[in-house]
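Letters A, B, ... are given to chains in the order of the sequence lines, protein chains preceding strands, and every chain is numbered from 1.
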Amino acid sequence: MCGELRASDADSKVVLMGWVNKRRDLGNLIFLDLRDRSGITQAVITADAGAEVHDRATAVRSEFVVAVIGYTKLREPNTVNKNIPTGEIEVVADELRILNDCKPLPFSPSDTVLANEEVRLKYRYIDLRRPELHRNIELRHQVAIAIRDHLNAQGFYEIETPFMTRSTPEGARDYLVPSRVYPGEFYALPQSPQLFKQILMISGFDKYFQIVRCFRDEDLRADRQPEFTQIDLEISFPRPETVFRVVEGFLKAAFSTIGVELQTPFPQMSYDQAIRLYGIDKPDLRLPAMADVRAAFARENLESLHVDPELPVLAIVIPRVGDLSRKERDELRLLYPARLAQQNIKVLDDTRRLEKSFPQSIPKVRELSGAGTEDYLVIVAAGTVSFGDGNEGQKPPTGGEVGGSYRSGSGAAGNVPSGLSRLSMRERQIFEGAGQVRLALAQKFADRHRLFERKGTGDDYKLLWVTDFPMFEWDETEQRWNAAHHPFTSPHEQDMDKLESDPGAVRALAYDVVLNGTELGSGSIRIHRQDIQAKIFKALGMSPEEQQARFGFFLEALQYGTPPHGGIALGLDRIVMILAGAESLREVIPFPKTAKAVDLMVDAPTPVSERQLKELGIAVVGKKDL
RNA sequence: GGGGUCGUAGUUCAGUUGGUUAGAACGCUGCCCUGUCACGGCAGAGGCCGCGGGUUCGAGUCCCGUCGACCCCGCCA
């Protein structure tokens, strides 16, 4: 093939077939760069090949499909091309056959500057010829194979589940498929095979996996497509660690396809710790953690800064950025979340001025946060005075003495095993606000701190498990508790008694695997007992009728000998994206959709004929008047 | 649903304060060229300035609307 010939192959007869990547016509001497999926080889057409071959070579253009018959020749030392693996050799053509011509292209796979993504997506088949996309698709294949091999070796069965099904309990909107046989009724495409895999456990297939397409009708992002691929698995009789070891095993196998050796087991961190140290539930461990530096300041100092001394004062350290000018800092503020002002959260970014005002404090801050003098230091803290608005649910209490806002008192009892008090709403806002500032800064100064650069070692990839997620989240608009993961997630045994008294304190046996600040996958130990399931539904405020209507079949199944079970699902697209070093999922999916869920190549979705609609019993209403 | 960036030749881009003939590079067409690899040289073709409206003597440029691509928030494990 085109990318395989080396100096050792000199002087052999070869036939190369491929696309003309580039033609260089020097008159009586013509070079063709021949490309196939393995790479590029230069073919030479000299006068010796005869007039007919020469004429054909003259007629050739970019992306013609040709066959070159000839022999391999070592290049003269001064004509070797060091930029390509086949550069020491070339194929001297005796014969050239044009297998197919090619119209002038909207853009060329060999272009160094990429065309607009709209054009690339419309002519996806041309864009896909680019070696970079070829590499990504190959990588995807290799990763999938490595995972299959690993799971197969561990005794997992790959089992398919239906695409035409009914809604599963994830919270996203469904893609619906109308039924001709039952007009007015619909299948739903699975958001995940969640219930089917749990049923498989009930059926005794105690190790299941599937590399499977999932569908969610939600707004898209660079790392979200409406259809995406999950590595889905479920195990009977597991502890969370059972699942962790399996995932670590196949990720290790997947990463070894790019020559990276991962250290296992991955570190673990509770959700609570993640919020406190990183202000987010998917921490990027490549960057330093935040530190509460309240102790570095005297209470009066904080008060003089209008900072609430009862709440965390968080130092964010961005290494090797150095000091910033006033102008730079002003520009940075635009990057901070607008919410901070509404929530009355202060960002103190003028360290020099702080140092002047509080000469003893800043060295202590540096000590507590580990910030060197080369590093950029920002402090995020809760403001005491609300300027005008600040109306965000709980106003900071007026008056001098400021307690934590509601709920923080109850947490001090120490009922959380980590020994930390439970986060109040206000504390959460501060941690999360600081976490966002931290990420914004890290992104902005990536080329200065250089922590995102790849060295090609396992250090480039910081993986961890985040555990002990809260079981429920409070839904402000609906004024009720929602399942944070899904309603079949098992609570911690120690927290069972709080299901009714204090749902917000119940921790779930749920876990995420996180890589460099990206959530790769999410799973849990499931509920296998019907009585506990009923309690959860009750805590969620779901009536028995509603339970029956949505999950009746499953609740029934639970009662027929369900083993303890649990599992996880990981986003294959995201894994490959990170391994490929790509910025977008579209770079690792052969036929992706746009941010508005349109396939520009086939032009989908489209309206359908009245006849088709009628047969399905569907009438379209609310078409935009045009 | 909200915010931002962008839309000019096949492609990537430039286009001054609103001014008369809208430019460049690559690609394309023709000619020349035996060591190129971003080949080189000469000549040429190629434009609904996304679309619709407005302001103006005059709009690629200003205003309003609309469509599309991308990024972010909301939403989504």
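- At the phosphate of B/C39, OP1 or OP2 sits under 4.0 Å from a side-chain N or O atom of A/Arg24.
- Heavy atoms of A/Leu220 sit nowhere under 4.0 angstrom from any nucleic acid atom.
- Donor-acceptor pairing under 3.5 Å is lacking for the side chains of A/Ser192 and A/Gln230.
- Closest to the A/Glu118 side chain, of the nucleotides B/A69, B/A77, B/G30, is B/A69.
- For A/Glu90 against B/G35, a side-chain-to-base donor-acceptor contact under 3.5 Å is present.
- Backbone-only contact: A/Glu117 has heavy atoms under 4.0 Å from sugar-phosphate atoms and none from a base.
- Checked by distance alone, A/Arg221 brings a side-chain donor or acceptor within 3.5 Å of a matching partner on the base of B/G74.
- In this structure, CZ of A/Phe472 is placed 17 Å from P of B/A77, rounded to the nearest angstrom.
- By the stacking rule of 5.5 Å between ring centres and under 30° between planes, A/Phe31 stacks on the base of B/U36.
- The gap from the C1' atom of B/G27 to that of B/G68 amounts to 25 Å, rounded to the nearest Å.
- Side-chain nitrogen and oxygen atoms of A/Lys22 include at least one within less than 4.0 Å of the OP1 or OP2 phosphate oxygen of B/C39.
- Judged by distance alone with a 3.5 Å cut-off, no donor-acceptor contact links the side chain of A/Asp111 to the base of B/G27.
- Atom-to-atom, CG of A/Leu32 to P of B/C39 comes out at 12 Å; the value is rounded to the nearest Å.
- Phosphate contact (OP1/OP2 of B/C71, side-chain N/O of A/Arg586, threshold under 4.0 Å): present.
- As the counterpart of B/A24, B/U12 is assigned, both hydrogen-bonding distances of the Watson-Crick or G-U wobble pattern falling under 3.5 Å.
- Only the P atoms considered, B/U12 is 16 Å distant from B/A69, to the nearest whole Å.
- As a whole-Å value, the separation of A/Leu29 CG from B/C32 C1' is 15 Å.
- Checked against a 6.0 Å centroid threshold, the rings of A/Phe209 and A/Phe250 do not count as neighbours.
- The interatomic distance linking A/Lys596 (NZ) with B/G2 (C1') rounds to 13 Å, in whole Å.
- Rounded to a whole angstrom, the distance from the C1' atom of B/C49 to that of B/C13 is 13 Å.
- Look at B/A77: it lacks any Watson-Crick or wobble partner with both distances under 3.5 angstrom.
- Between the base of B/U36 and the side chain of A/Arg75 there is a donor-acceptor pair shorter than 3.5 Å.
- Place A/Ala595 and A/Thr79 on RNA chain B by their nearest nucleotides, and A/Thr79 ends up nearer the 5' end.
- A/Ser108 has no side-chain polar atom (N or O) that falls below the 4.0 Å cut-off from OP1 or OP2 of B/G27.
- If you check every strand for non-hydrogen atoms under 4.0 Å, A/Ala47 touches a base.
- The gap from the C1' atom of B/U61 to that of B/A22 amounts to 12 Å, rounded to the nearest Å.
- With B/A77, B/C76, B/C71 as the candidates, the nucleotide lying closest to the side chain of A/His485 is B/A77.
- Within the shown strands, B/A43 is the pairing partner of B/U29 under the Watson-Crick or G-U definition, both distances less than 3.5 Å.
- Summarising the geometry, the separation between CG on A/Asp219 and C1' on B/A77 is reported as 16 Å, rounded to the nearest angstrom.
- As rounded to whole Å, 15 Å separates atom C1' of B/C75 from atom CG of A/Asp174.
- Between B/C62 and B/U17, the distance separating the two P atoms is 11 Å to the nearest Å.
- Contact between the side-chain N/O atoms of A/Arg23 and the OP1/OP2 oxygens of B/C37 is not found at any separation under 4.0 Å.
- Rounded to whole angstrom, the span from the CD atom of A/Glu63 across to the P atom of B/C28 amounts to 11 Å.
- Separating the CG atom of A/Asn116 from the P atom of B/U5 is a distance of 18 Å, rounded to the nearest angstrom.
- Distances from the side chain of A/Gln191 to the nucleotides B/A77, B/G30, B/C37 place B/A77 closest.
- Side-chain contact annotation: A/Trp465 with A/Glu241, donor-acceptor N/O pair under 3.5 Å absent.
- Nearest nucleotide to the side chain of A/Val119, out of B/A77, B/U34, B/U11: B/U11.
- Crowding of A/Arg329 atom CZ: a count of heavy atoms from other residues, nucleotides or ligands under 6.0 Å exceeding 12.
- Using modelled atom types, one finds a donor on one side chain and an acceptor on the other under 3.5 Å when comparing A/Asp232 with A/Tyr208.
- Here the options are A/Arg216, A/Arg166, A/Gln191, the test is side-chain hydrogen bond (donor to acceptor under 3.5 Å, both in side chains), and the partner is A/Asp174; only A/Gln191 passes.
- On the P atoms, B/U66 is 25 Å away from B/G74, given to the nearest whole Å.
- As rounded to the nearest Å, B/C75 and B/A38 have C1' atoms that lie 45 Å from one another.
- Along RNA chain B, the nucleotide nearest A/Val598 and the nucleotide nearest A/Ala484 are compared for position; the residue whose nucleotide lies closer to the 5' end is A/Val598.
- Contact annotation for A/Asp281: base contact, defined as any heavy-atom pair under 4.0 Å involving a base atom.
- Taking the side chain as every heavy atom from C-beta outward, A/Gln210 and A/Glu234 never approach each other to under 4.5 Å.
- A/Arg56 contributes a side-chain N or O that, together with a main-chain N or O of A/Leu96, makes up a donor-acceptor pair within less than 3.5 Å.
- For the residue pair A/Glu432/A/Gln436, the side-chain donor-acceptor check at 3.5 Å is not satisfied.
- Donor-acceptor pairing under 3.5 Å, judged by distance alone, is present between the side chain of A/Arg224 and the base of B/C75.
- Using N1 to N3 plus N6-O4 or O6-N4 for Watson-Crick, or N1-O2 and O6-N3 for G-U wobble, each under 3.5 Å, B/U5 pairs with B/A69.
- Using P as the reference atom, B/G54 and B/A45 are 35 Å apart when rounded to the nearest Å.
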